[in-house]
Every structure is written in C-alpha cells, then in structure tokens.
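Naming convention: chains lettered A, B, ... in sequence-line order (proteins, then strands); numbering from 1 in each chain.
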Amino acid sequence: MMDVVTEAKAVRVPSRRMWRCWACAEEVAATGEGTCPRCGKIQPLGAETDYFTALGLPRRMAIDRADLERRWHALSRRFHPDFYRTGEPRERIVALENTALLNRAYRALRDPIARAEYLVRLEEGAGTEIPSQPPQELFEEILEIQELLMDYRAAAPDERDARRPQLEARRQEIRREYERVERYLTQDLFPRWDPLSPEAAPSPTEKAVLLAEIKEAIGNRAYLRRVLNGLEEALSASGVD
Amino acid sequence: MPYSDKVIDHYNNPRNVGSLDKNDPNVGTGIVGAPECGDVMKLQIKVDPETEVIEDAKFKTFGCGSAIASSSLATEWVKGKRVGEALAIKNTDIVQELSLPPVKIHCSVLAEDAIKAAIADLKKKHGRKEETEALARTG
C-alpha cells in the first residue's frame, strides 16, 4: 500500500511551484488545471496540498457554500476514478488519491466550525505558535455535572424524579453557554480572520492572538457539546428503565 | 469497537474514584481535557513530604470507557511510587496495558497529562511554600 502512494507522487521541480508530469515529464504548475498541458494526463494534487489550495480557494473563513460545491463537483468530475478504470495504473492511483483529497477538503471546509479547526491546524503546522489556556473553570463545572449524572443514574426510579429538575436546569444553562460560544465564534471571531489575509500583512502576534481565541472557543464548544449530550442522554433515558 | 477485558474491568470497577482536599499542601491536582472529544479528567495525588512517595491517588473522569479506564489505571500505578517515578509513566504503557485501539490513544495521553499536571500543581504549591518561608525569614 505504502509504495503505491509513493509511486503516485509527482517529482517536484526544485525551487519552483512546478511539478513534472509523471507521464511525459513536462513541467506543470502546482495549482494549475490538474492535467498536463502537453499529454493531457491528470496530475496528482499532492498529499501535502492544503484543502483551500486543492479547491482553488484563498485561506479565508468566509466561503460561499454554492461556490465551494461548484468547485468540488467540477474537480470531482475531472478526477472521477470511473473515467480512468481502463487507464494506466498510475493514472488510476492519481484519480483515486485526488478524489479522496477533494472529499476530505470538501468535508473540512463546508462547515464553518470544521473550517476554522482546519485553519488552526494549518497555521500550527506552518509553525505558528498558538498558546491556548485550558478552561479550568469549565472543567470543574463538567466534573460537577458528571457527579450529578452518576448519582442520577444510580438513583432508584422514584428518586430520579426528584433529581430531574436540577439536571434540567443544568442542561438549560449548558445549552445557553454552548449557543453563546457558537455565536462568539461565528459572529465575533471568524469575521476577524479574513482581514488578516497575507495581503494585509498582519503582525504574527495579531494572528496568533486571534487563532488562540478561536482555538480556545472551539475547544470550549466541544466540551460543552459533550456534557450537553451527556445531560440529554440521561434525561431522555430516564423514562425507560 | 470492542473494549478489552481490562478496559471493561476498570470501567465497571473503577479504582480510586473520588476527590482529595485540593487545598491540602501535600495534594497535587491536575485537571485536563481533550478538546477533540470533550473528555475531562481530574487526577489528584497525596504525597508524603518527607519521602516524596505518593500515598494516595484519586480520579474523576467525564468521558468514554477508555478515558475512565486510563485514569483508573493511572491512579493504581502512581500509588506507592515516588514523584519522579510517576513522572516516568508514559501513555504508551497505558495503551499497552489496556490494549487501547489507535482511536483511543488520546485517552491514554490525557491520563499521562493528568499525572504531570497533578505533579506540577504540587511543585507549584511547594515552590510557593518555600517562597513564603523565605519571605518570612528575610522579613
């Protein structure tokens, strides 16, 4: 399996954003049409290509969903493995790998939160230090709720009814907090990212501060989602046994 | 995905569930979380100040079976060890002992982080104690 992957990798032309066509050795632009201009063979998008580049999009938070879909469909059609079933082995591999990459890219970019998570990972991968603080207070609250949940599950059915209002109150509280974090992410933090595009030459600190805020809020949202699921599960299962 | 017998055993009979007094100067508390899955883990150790031996350990975990088993095992392992020995516990040891599948490796990482955080908290407390004592001496 591993050597198959290596085989499909294009040879990188040193110091330029160019690749050599695996079939005819013509130089091909890395962000070009995905086909060799000389022999017409499809070219690997490259495993290290980021999802934005793969779909021909700038590294922005604001993405037009319809435009994203159109790009994904067009590229998926170009590389669809069905068209290369009778092609050369390398061509089949390129088609499969490109299709898999495009699907991953589409899944990661279509949802704004997933997109932000990916952006944070990309920036961290590029060496940006993103210091984020674990939310200690939220952790304590979650462990407190965990205790309530354990007691609730262990309680006799008639005792549960008495404990229910307390859990309901916590659920509402956590839900409100979850919604607040989500609004903060999508309405306050995300719009602040796009003006920091490379053309605007943002200071590294400015970028890192915003990324840390985004990373922390995404983490908080995940913790809140998890504890909310726990509360909802316990409250909906209570009638059953 | 099936859990190993050891995970199930720790999940059904977790060892050392509970809390220690976090204000006790000889108790170190580590609370850590995994934002990828939303799991939260608290691990506390009580250390004999003379011998540096961990005489008690407790945990509380909000998470999946593997996270609970990892923290339960971690408390079992640190008990009776000296602080330096406890620091040497690696998440891979936990993975091996519990036969955790690749998707659950982060649970073992969380347990290792919790041990380290608890020890760091203890050291911070002792550092502060020494600071106040030094201040008292000079003041």
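- With no hydrogens or angles considered, a side-chain donor-acceptor pair links A:Y184 and A:E213 at under 3.5 Å.
- When the candidates A:I142, A:L143, A:L138, A:L149 are compared by the number of heavy-atom contacts under 4.5 Å with chain B, A:L143 comes out ahead.
- Between A:F139 and A:Y223, the ring-plane angle classifies as perpendicular under the 30° and 60° cut-offs.
- For the pairing with B:N16, the side-chain hydrogen bond (donor to acceptor under 3.5 Å, both in side chains) check across B:K58, B:K79, B:Q44, B:K60 returns one residue only, B:K79.
- For A:E147, the part sitting under 4.5 Å from any heavy atom of chain B is the side chain, from C-beta outward, and nothing else.
- In this structure, A:R225 satisfies the cation-pi test against A:Y178, with its NZ or CZ atom closer than 6.0 Å to the six-membered ring centre and inside 45 degrees of the ring normal.
- In terms of non-hydrogen atom pairs under 4.5 Å with chain A, the most contact-rich of B:G63, B:C37, B:G33 is B:G33.
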